[in-house]
Chemist: 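Just dropping this structure here.
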Amino acid sequence: MRKVFNFSAGPATLPEEVLAQAAAEMLDWHGSGQSVMEMSHRGKEYMSIHEQAERDLRTLMGIPSNYKVLFLQGGATMQFAMIPVNLMRGKAGADYVNTGEWSKKAIKEAKLFGAVNVVASSEDRSFTYVPPQAQWKRAADAAYLHYCANETIGGVEFGWIPESGDVPLVADVSSNFLSRPLDVSKFGLLYGGAQKNIGPAGLTIVVVREDLLGHAPKSTPTMLDYKAQADNDSMLNTPPTWAIYIAGLVFQWIARQGGLAAIERRNVEKASLLYDYLDSTQFYRNPVDRADRSRMNVPFTLRDDALDEPFLKGAKERNLLQLKGHRSVGGMRASIYNAMPIEGVRALVDYLREFEKSHG
Ligand SMILES: *Cc1c(COP(=O)(O)O)cnc(C)c1O
């Protein structure tokens with residue numbers, strides 16, 4: 001067992017088993033005499049890794065055959081631009097839900113390419129809830145409907161999938177990718193950076209319905225055109241081979257845990273343990289409406305922010321790392337992605353209790 005529990009929001013903790021396997025295969029992958037990092041991306045060894053990773057992701061998520069899986073670079077942030085470029089399809093604008101900092105960034109970028117209609121915003125209460133769909137004001141002819149399924153900074157997660165009718169539904173799932181089963185057929189496009197819940201930084205996964213390909217304007221740079229990427233199996237240029245390899249090992253690890261339903265049960269158990277404790281005391285506080293709380297990112301404040309420094313110092317002494325909250329909201333944040341074992345959450349709750357006792 002490793003000594004520390006890392007609660008970083010991303011790059012984030014990875015399953016120890018995956019790291020051990022990668023270490024064992026580092027110098028000589030499956031008798032090839034090479035590390036995966038050194039392989040030609042067009043050679044048969046690497047191709048087998050790449051294809052296996054896609055197959056395993058398809059199986060895990062139950063991705064229908066009329067969807068493409070793309071392994072891209074540029075982060076979820078690049079998708080904030082690629083989505084409007086490819087999906088605007090001659091329409092005047094798109095619908096966006098604004099539930100926090102990542103929604104805001106997606107909206108800002110989309111405005112470079114068309115009109116953005118913000119259907120609903122939770123900014124009135126500092127992004128502490130998901131506006132119910134009954135209150136959304138959708139445009140008549142939106143190219144697509146975009147939302148952020150889990151706001152990593154605010155700790156707000158959609159526990160439901162919006163109803164978009166014939167309008168393609170687009171979701172940023174960067175920080176809750178593979179944390180629960182998801183009906184892919186309800187979406188036009190899903191995307192996320194790997195470094196939160198899937199693997200190392202440098203890989204962005206896009207799952208896109210085929211009929212949405214091929215609509216980018218002629219002037220679109222080839223690298224930013226989903227169709228060009230899909231036609232070339234994400235190998236228009238050198239893909240992030242190492243990150244794809246590790247992501248593939250993570251997919252296999254999830255399958256060994258029992259798949260997404262089993263992962264979801266564990267995530268619910270971990271999140272409940274932490275929220276139940278936070279709710280049981282006046283000393284700590286999580287501001288998010290209960291129904292909309294994230295299972296992945298748990299922000300909380302201490303009763304007095306003068307205690308933040310001693311809290312973080314004591315946490316570090318107990319090998320509980322990276323609990324400092326995002327600079328925009330302050331306080332603390334515990335990210336408890338798939339790879340965080342329940343022992344890590346137990347150790348955190350024990351420390352919360354102990355710190356309260358000595359400082360409450
Ligand atoms: C981290 C994050 C992003 C940005 O990801 P990059 O890969 O760094 O571009 C976007 N959306 C959400 C929800 C995130 O958590």
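Nothing fancy with the numbering, it's 1 onward along the sequence. Just follow the structure's listing: the first ligand is 1, and inside any ligand the first atom is 1. Note that the structure is predicted; figures quoted are calculated from it, not measured.
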Chemist: Specify side chain, backbone, both or neither for C148, according to which of its non-hydrogen atoms lie closer than 4.0 Å to ligand 1.
Modeler: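 Looking at C148 and ligand 1, just side chain atoms fall under 4.0 Å.
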Chemist: Walk me through it: do V345 and F5 pass the test side-chain contact (heavy atoms from CB on, under 4.5 Å)?
Modeler: CA-CA 9 Å; V345 181; F5 293 113; over 6 Å; no
Chemist: For R89 and L212, what are the C-alpha separation, side-chain angles and deciding distance, and is it a side-chain contact (heavy atoms from CB on, under 4.5 Å)?
Modeler: CA-CA 9 Å; R89 294 167 294 145; L212 295 173; 4.0 Å; yes
Chemist: Examine ligand 1 and decide if any of its atoms is less than 4.0 Å from a heavy atom belonging to G10.
Modeler: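 No; G10 lies far enough from ligand 1 that no heavy-atom distance drops under 4.0 Å.
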Chemist: Checking contacts here: is it the side chain or the backbone of F80 that comes within 4.0 Å of ligand 1, counting heavy atoms only? Could be both or neither.
Modeler: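 It is the side chain that gets close, since no backbone atom is under 4.0 Å.
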Chemist: Using a 4.5 Å cut-off on heavy atoms from C-beta on, say whether the side chain of Y46 contacts that of I244.
Modeler: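 Yes, at least one pair of side-chain atoms sits under 4.5 Å.
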Chemist: What are the atoms of ligand 1, with element, lying closer than 4.0 Å to any heavy atom of N150?
Modeler: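 This gives 13 (C) as the contact atoms.
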Chemist: Report the member of D172, T77, N176 with the shortest heavy-atom distance to atom 11 (N) of ligand 1.
Modeler: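 Of the listed residues, D172 has the closest heavy atom.
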Chemist: Among K196, Q73, E151, which one has a heavy atom closest to atom 14 (C) of ligand 1?
Modeler: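 Among K196, Q73, E151, the closest heavy atom to atom 14 (C) of ligand 1 comes from K196.
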Chemist: For ligand 1, is there an N or O atom under 3.5 Å from any N or O atom of A76?
Modeler: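 Between A76 and ligand 1 (N or O atoms, distance only) the closest approach is under 3.5 Å.
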Chemist: Is the shortest heavy-atom distance from the side chain of P168 to the side chain of L189 under 4.5 Å?
Modeler: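 The answer is no; the side chains never approach within 4.5 Å.
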Chemist: Return the set of residues passing side-chain hydrogen bond (donor to acceptor under 3.5 Å, both in side chains) with K227 (not counting sequence neighbours), or none when no residue passes.
Modeler: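 By the side-chain hydrogen bond (donor to acceptor under 3.5 Å, both in side chains) rule, K227 matches D231.
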Chemist: Taking non-hydrogen atoms only, is Q195 closer than 4.0 angstrom to ligand 1 via side chain, backbone, both or neither?
Modeler: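 It is the side chain that gets close, since no backbone atom is under 4.0 Å.
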Chemist: Classify the ring geometry of F311 against Y351: parallel below 30°, tilted from 30° to 60°, perpendicular beyond 60°.
Modeler: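 Answer is tilted, since the angle falls between 30° and 60°.
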Chemist: Using 30° and 60° as the class boundaries, would you call the ring planes of F80 and W102 parallel, tilted or perpendicular?
Modeler: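 Judged by the thresholds at 30° and 60°, the geometry between F80 and W102 is tilted.
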Chemist: Atoms of ligand 1 less than 4.0 Å from T152 heavy atoms?
Modeler: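 The list of qualifying atoms is 12 (C), 13 (C), 14 (C), 15 (O).
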